[in-house]
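Reviewing the structure listed below.
Keep in mind that the numbers below use all heavy atoms, side chains included, and drop hydrogens, waters and symmetry copies.
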Amino acid sequence: MTNPAPLGPPAADDALPAALRITPDDDMRRVRLAQMKRVATLMLVVVAVVFVAARVYEAQYPWLGYLRAFAEAAMVGGIADWFAVTALFRHPLGIPIPHTAIVPARKDRIGTALGNFVQRNFLTREVVASKLGAMKLGERAAAWVARPENSRRLARAAAHGLSGAVGVLRDDEVQALVDRGIVARLRRLQAAPLAAKTFELLTADGRHQTLLDDALRLAARFLDENEEMIRARIRQESPWWVPGAVENRLGDKIVSGVEATLVAVAADPAHPLRKRYDEAVERFVQNLRENPATIARAEQIKLELLDHPGVAEFSREVWGDVKSRLAQYAERLATETEAEPDQLERWMAGLGEKVLADPALADKVNGWVVELVTYSVEQAREEVAALIATTVAAWDADATSRKIELQIGRDLQFIRINGTLVGGLVGLLLYVVGQSLG
């Protein structure tokens, strides 16, 4: 028994989504499906002929009762399973029997159920993380980048992409972006606490004393290199009536005194000047945190700096320089096909080699990839389920039914074959039991 509805593609196959169009593989499936349908139908016809023959000659040959019981039950099982299989995809014999043509009638519900099934069983953190962890994508990417031809290809693609991106951006738009994204944020940022934190980092573990030592060495060098200038200044500022010997003596005292002080401070970690220096730094940091006047002054200085025309000019110059360098780099890569690897290419290749050479780093990279992908999947899993549901809902019902039948219809014909055989065996068993009881 076959279904009169054709399995061929619809007339407007070109108008269907790609997923529903008939492909060469589908043509092969159509042939195999038709063959299995003929096998299942032939079995049903054979048991029907056997039933008729056994029924006619059963009176003369009583043992044919067993064969008749087998064939009768086999027909019932075969017809019932034909009805069940056919009802999945269309109305049996074209009769609109309730609860038939299930796939076309329930297409939207099937799409929703399929989306939910994929979301709950495939797009979960555990499933995705387990699969990605076994794939070790971080190490694969590192091995790919470590190859010179790949690092060159990636560097050139990045250079061309960035060059093209910055080329379409207008300078005034970039300036506005800088004003909104950077300058505006700096205006909201409190300068005094940030400066206090910076000074705390500089003074931690006595770092400011190291800075003082450097300043003392610079002062000593300045004094040594400019001693004649200091003496000349003393002579210039001295009254006319002061003798030259006194001026020289005064200059010697000033220079030697300053030198002695610098040497003493540099040599003695506990020198009183160092202690006053510590106190001054601590007091300044405390004022940055607590003194309203100091905080207000820091904010005023910050705003004056941000409002200065040089800030906008600096950002424009930086942007112009970046754009020019990217364009030159991309042009050079396009013309120098056989050039030696540049810094970006060497950096990319070296990064890949470092990941491959360090198992701990490779594990971290793999973990980062897994975390990134699983996070993205978790964020998109509901959208994927909705996409599946809406996509299936937009499909043509008959074309969807036909496509699904081509994919699984051949296997479903085994249900008809098994139903015929199992039905016959059950009928034979019941007949034997009946005969035994009679």
Exercise. Please name the pair of heavy atoms, one in Ala362 and one in Val355, separated by the smallest distance, quoted to 0.1 Å.
Key: CB-O, 3.5 Å
Quiz item: When you look at His99 and Arg106, which way does the side chain to side chain contact (heavy atoms under 4.5 Å, CB included) test go after all the steps?
Solution: CA-CA 10 Å; His99 305 295; Arg106 305 289 192 274; 4.2 Å; yes
Quiz item: Distance only, no hydrogens: is a donor on one side chain within 3.5 Å (strictly under) of an acceptor on the other, for Gln286 and Asn291?
Solution: no
Quiz item: salt bridge (Lys or Arg N to Asp or Glu O under 4.0 Å) between Arg68 and Glu72: does it pass, once the steps are laid out?
Solution: CA-CA 6 Å; Arg68 189 261 307 161; Glu72 181 179 15; 3.3 Å; yes
Quiz item: Does Lys136 reach the main-chain N or O of Asn366 with its side chain, forming a donor-acceptor pair under 3.5 Å?
Solution: no
Quiz item: Does the Thr86 side chain pair with the main chain of Phe83, one donor and one acceptor, at a distance under 3.5 Å?
Solution: no
Quiz item: Can you list the steps and then say if Arg289 with Thr294 is a side chain to side chain contact (heavy atoms under 4.5 Å, CB included)?
Solution: CA-CA 8 Å; Arg289 291 191 177 279; Thr294 304; over 6 Å; no
Self-check item: Test item: Lys107 side-chain N/O and Thr400 main-chain N/O as donor-acceptor pair under 3.5 Å
Solution: no
Quiz item: With a 6.0 Å cut-off on ring centres, are Phe70 and Tyr431 close enough?
Solution: no
Exercise. May I ask you to test the Asp108-Val392 pair for a side-chain heavy-atom distance under 4.5 Å?
Key: no
Quiz item: Sub-3.5 Å donor-acceptor pair from the side chain of Asn121 to the main-chain atoms of Phe117, do we have one?
Solution: yes
Self-check item: Worked check of salt bridge (Lys or Arg N to Asp or Glu O under 4.0 Å) between Glu405 and Lys37
Solution: CA-CA 12 Å; Glu405 185 176 12; Lys37 282 187 173 183; 3.4 Å; yes
Quiz item: Hey, are the side chains of Arg30 and Arg410 touching, using non-hydrogen atoms and a 4.5 Å cut-off?
Solution: no
Quiz item: Going by heavy atoms in the side chains, are Met43 and Leu421 under 4.5 Å from each other?
Solution: yes
Exercise. Mark yes or no for whether Asn150, through its side chain, and Val145, through its backbone, hold a donor-acceptor pair below 3.5 Å.
Key: no
Practice problem: For the pair Thr390 (side chain) and Leu387 (backbone), establish whether a donor and an acceptor sit closer than 3.5 Å, ignoring hydrogens and angles. | Solution: yes
Quiz item: Has the side chain of Thr124 got a donor or acceptor atom that lies under 3.5 Å from a matching backbone atom of Arg120?
Solution: no
Quiz item: Hey, are Arg38 and Gln35 close enough side-chain-wise for a donor-acceptor pair under 3.5 Å?
Solution: no
Exercise. Could you verify whether a donor N or O on one side chain and an acceptor N or O on the other, from Arg416 and Thr41, lie under 3.5 Å apart?
Key: yes
